[in-house]
Amino acid sequence: MKTVIVGSCAFDSLEYHLADSVRALGGQALIIDGAGQYTLARKAHYWASRFVESYDRAMCTQLARRVATEKPDLVLVVYRHLHPVFVDVVKQLLPGATVAQVNPDALSNLEKQQIIAADFDHYFTKEPYIAEFLRDKAGLNAHYLPEGFNPRLHRRPDLDKADAEQQTNIDVLLYGGLYAYRARMVGQLQQAGIRVTVFGSEGPYLPASVRAAFQGRYLVGDEKNRLLYGARIVFNNFHYAEISSANQKYFEINGIGAFQLCDYKATLDEYSGVPAERVTYRTITEAIDMIRYYLARPAERHALATSQHAHFQQHHTFDQRVGQLLRITGHSLPPSNEDRPVR
């Protein structure tokens, strides 16, 4: 079975993990992001594709033809901005292939609703609300599929947690895009006297205190594993448009074996291997109280992190998510892989 994934080729992206899991399950996978076909510079292409319909249609038709030359059995589209003609052309050129959309983002990031206008065979989303709307209101073949973590990339370091924390010496670590909502929450932690260390991509309007805590780099690979595991607490504040879903970081942090505090969402009762109220907060005041509580109780946070790590290894890998996606789309796997448990 051959799969083409249309999206970013970046290391540690969702597309990277989908491709890696397809290969781990015995299939072939190729990522195509179309960057090489642009007739304009990338920035100009971005704006032209969003405001010049004829250019957008032409580029997506060209991309569809590029995908079709690979003759895949399954096309997974992660990008949300492609003109609906992309799906039409792929289906014309590959009448036997399945074309599915995998939406990894929150409700607010649906661009111009291209994925709803396009005639995909399947729609996968981590947000139960979106899956329900697409299925029950728009009449689409939509499925709820949470994100996960890559066990070959997101790995717990071979080191005792207490020793890792002593070496790293980070009380609270936060990583990701420093959007205004995230920076505002970091500022409130700092005002409460909590020592926060921040990694990720710099956003606009950063307060001076948050900028002082910003380390100026994005975390990937072994450095991410080492620093997340070594931090006493990893603080994960979800995007405000996450209605009931969790971000990919939620699964990565637990898969690495770090201790995580995050926003409470209803789906966490399903995902978590420990009572969700022990590792989630509903207000920033509650978050501050819980950070102080767990900083003073290392044995308790280590035990919770160990429980979560074991649970997530068993239930929440991308291999399991991809196995579920392949079964839903009607694509076979070797028997040894099809028997893997999926929640």
Novice: Looking only at heavy atoms, what is the nearest atom pair of Thr329 and His331, with distance?
Specialist: OG1-CD2, 3.0 Å
Novice: Does Val234 reach the side chain of Ile256, with side-chain heavy atoms less than 4.5 Å apart?
Specialist: no
Novice: Please report the interatomic distance CD(Gln188) to CZ(Arg184), rounded to the nearest 0.5 Å.
Specialist: 7.5 Å
Novice: Could you go through the side chain to side chain contact (heavy atoms under 4.5 Å, CB included) check for Ile291 and Leu189 one step at a time?
Specialist: CA-CA 9 Å; Ile291 288 171; Leu189 298 184; 3.9 Å; yes
Novice: In Å and rounded to the nearest 0.5 Å, what is the CG to CD1 distance from Leu110 to Ile116?
Specialist: 6.0 Å
Novice: Atom CD of residue position Glu70 - does it have more than 12 heavy atoms of other residues, nucleotides or ligands inside 6.0 Å?
Specialist: yes
Novice: Nearest 0.5 Å, what's the CG-CD distance between Leu178 and Glu202?
Specialist: 7.5 Å
Novice: Test the Arg301-Phe259 pair against the cation-pi criterion, namely NZ or CZ under 6.0 angstrom from the six-membered ring centroid and within 45° of the ring axis.
Specialist: no
Novice: Is it the case that one hydrophobic cluster holds both Leu304 and Ile253, taking links as side-chain heavy atoms less than 4.5 Å apart, direct or via other members?
Specialist: no
Novice: Applying ring-ring contact (aromatic ring centres under 6.0 Å, His included) as the test, list every pair that has at least one member in residues 147-185; sequence neighbours left out.
Specialist: His17-His154, Tyr181-His239, Tyr181-Tyr240
Novice: Please tell me if the side chains of Arg156 and Asn225 come closer than 4.5 Å, counting only heavy atoms from C-beta onward.
Specialist: no
Novice: Side chains of Glu147 and His316 only: does a donor on one sit below 3.5 Å from an acceptor on the other?
Specialist: no
Novice: Please lay out, stage by stage, how Asp105 and Lys126 fare under the test salt bridge (Lys or Arg N to Asp or Glu O under 4.0 Å).
Specialist: CA-CA 8 Å; Asp105 226 328; Lys126 66 176 184 176; 5.4 Å; no
Novice: Can you list everything that forms a side chain to side chain contact (heavy atoms under 4.5 Å, CB included) with Ser201? Sequence neighbours excluded, please.
Specialist: Tyr218
Novice: Less than 4.0 angstrom from a charged side-chain N to a carboxylate O is my criterion; do Arg155 and Asp222 meet it?
Specialist: yes
Novice: Please determine whether residues Met290 and Leu268 belong to a single hydrophobic cluster, defined as Ile, Leu, Val, Met, Phe, Trp and Tyr linked transitively by side-chain heavy-atom distances below 4.5 Å.
Specialist: no
Novice: Hey, what do you get for CG (Leu153) to NZ (Lys224), rounding to the nearest 0.5 Å?
Specialist: 7.0 Å
Novice: Is any side-chain heavy atom of Arg80 less than 4.5 Å from a side-chain heavy atom of Pro104?
Specialist: yes
Novice: Check the hydrophobic clustering (I, L, V, M, F, W, Y; side-chain heavy atoms under 4.5 Å; chains of links allowed) and say if Ile31 and Val78 are grouped together.
Specialist: yes
Novice: Please tell me whether Leu326 and Phe318 are part of a single hydrophobic cluster in this structure, the criterion being side-chain heavy atoms less than 4.5 Å apart.
Specialist: yes
Novice: Output, in order, the C-alpha distance, side-chain angles, deciding distance and verdict of ring pair (Phe, Tyr, Trp, His ring centres under 6.0 Å) for Phe251 and Tyr271.
Specialist: CA-CA 9 Å; Phe251 298 97; Tyr271 304 152; 5.2 Å; yes
Novice: What I want to find out is whether Asp33 reaches Arg66 closely enough, with some N-O distance under 4.0 Å, to be called a salt bridge.
Specialist: no
Novice: CD1 of Ile130 to CZ of Arg135: how many Å apart, nearest 0.5 Å?
Specialist: 12.5 Å
Novice: May I ask you to test the Tyr144-Thr267 pair for a side-chain heavy-atom distance under 4.5 Å?
Specialist: yes
Novice: Quick one: list whatever passes side chain to side chain contact (heavy atoms under 4.5 Å, CB included) with Ala97, sequence neighbours left out.
Specialist: Leu94
Novice: Please list, chain by chain and in numerical order, all residues satisfying side-chain hydrogen bond (donor to acceptor under 3.5 Å, both in side chains) with Arg226, sequence neighbours excluded.
Specialist: none
Novice: Any donor-acceptor pair under 3.5 Å linking the side chain of Arg297 with the backbone of Tyr293?
Specialist: yes
Novice: Using modelled atom types only, decide if a donor and an acceptor are shared between the side chain of Asp12 and the backbone of Val220 within a distance under 3.5 Å.
Specialist: no
Novice: Would you please name every residue forming a ring-ring contact (aromatic ring centres under 6.0 Å, His included) with Tyr229, sequence neighbours left out?
Specialist: none
Novice: On the 0 to 90° scale, with breaks at 30° and 60°, tag the Tyr123-Phe120 ring pair as parallel, tilted or perpendicular.
Specialist: perpendicular
Novice: With a 6.0 Å cut-off (strictly less than), is the heavy-atom count around CZ of Phe11, excluding the residue itself, greater than 12?
Specialist: yes
Novice: Quick check on side chain to side chain contact (heavy atoms under 4.5 Å, CB included): which of Arg278, Gln260, Gln308 does Ser272 satisfy it with?
Specialist: Gln308
Novice: What residues form a side chain to side chain contact (heavy atoms under 4.5 Å, CB included) with Thr168, not counting sequence neighbours?
Specialist: Ile170, Leu227
Novice: Treating Ile, Leu, Val, Met, Phe, Trp and Tyr as nodes and any side-chain heavy-atom pair under 4.5 angstrom as an edge, say whether Val99 and Ile32 lie in one connected cluster.
Specialist: yes
Novice: Can you tell me how far the CD atom of Gln114 sits from the CG atom of Asp56, to the nearest 0.5 Å?
Specialist: 7.0 Å
Novice: Which of these passes ring pair (Phe, Tyr, Trp, His ring centres under 6.0 Å) with Tyr281: Phe238, Tyr294, Tyr264, Phe235?
Specialist: Phe235
Novice: Please check: side-chain N/O of Asn254 versus main-chain N/O of Tyr250, any donor-acceptor pairing under 3.5 Å?
Specialist: yes
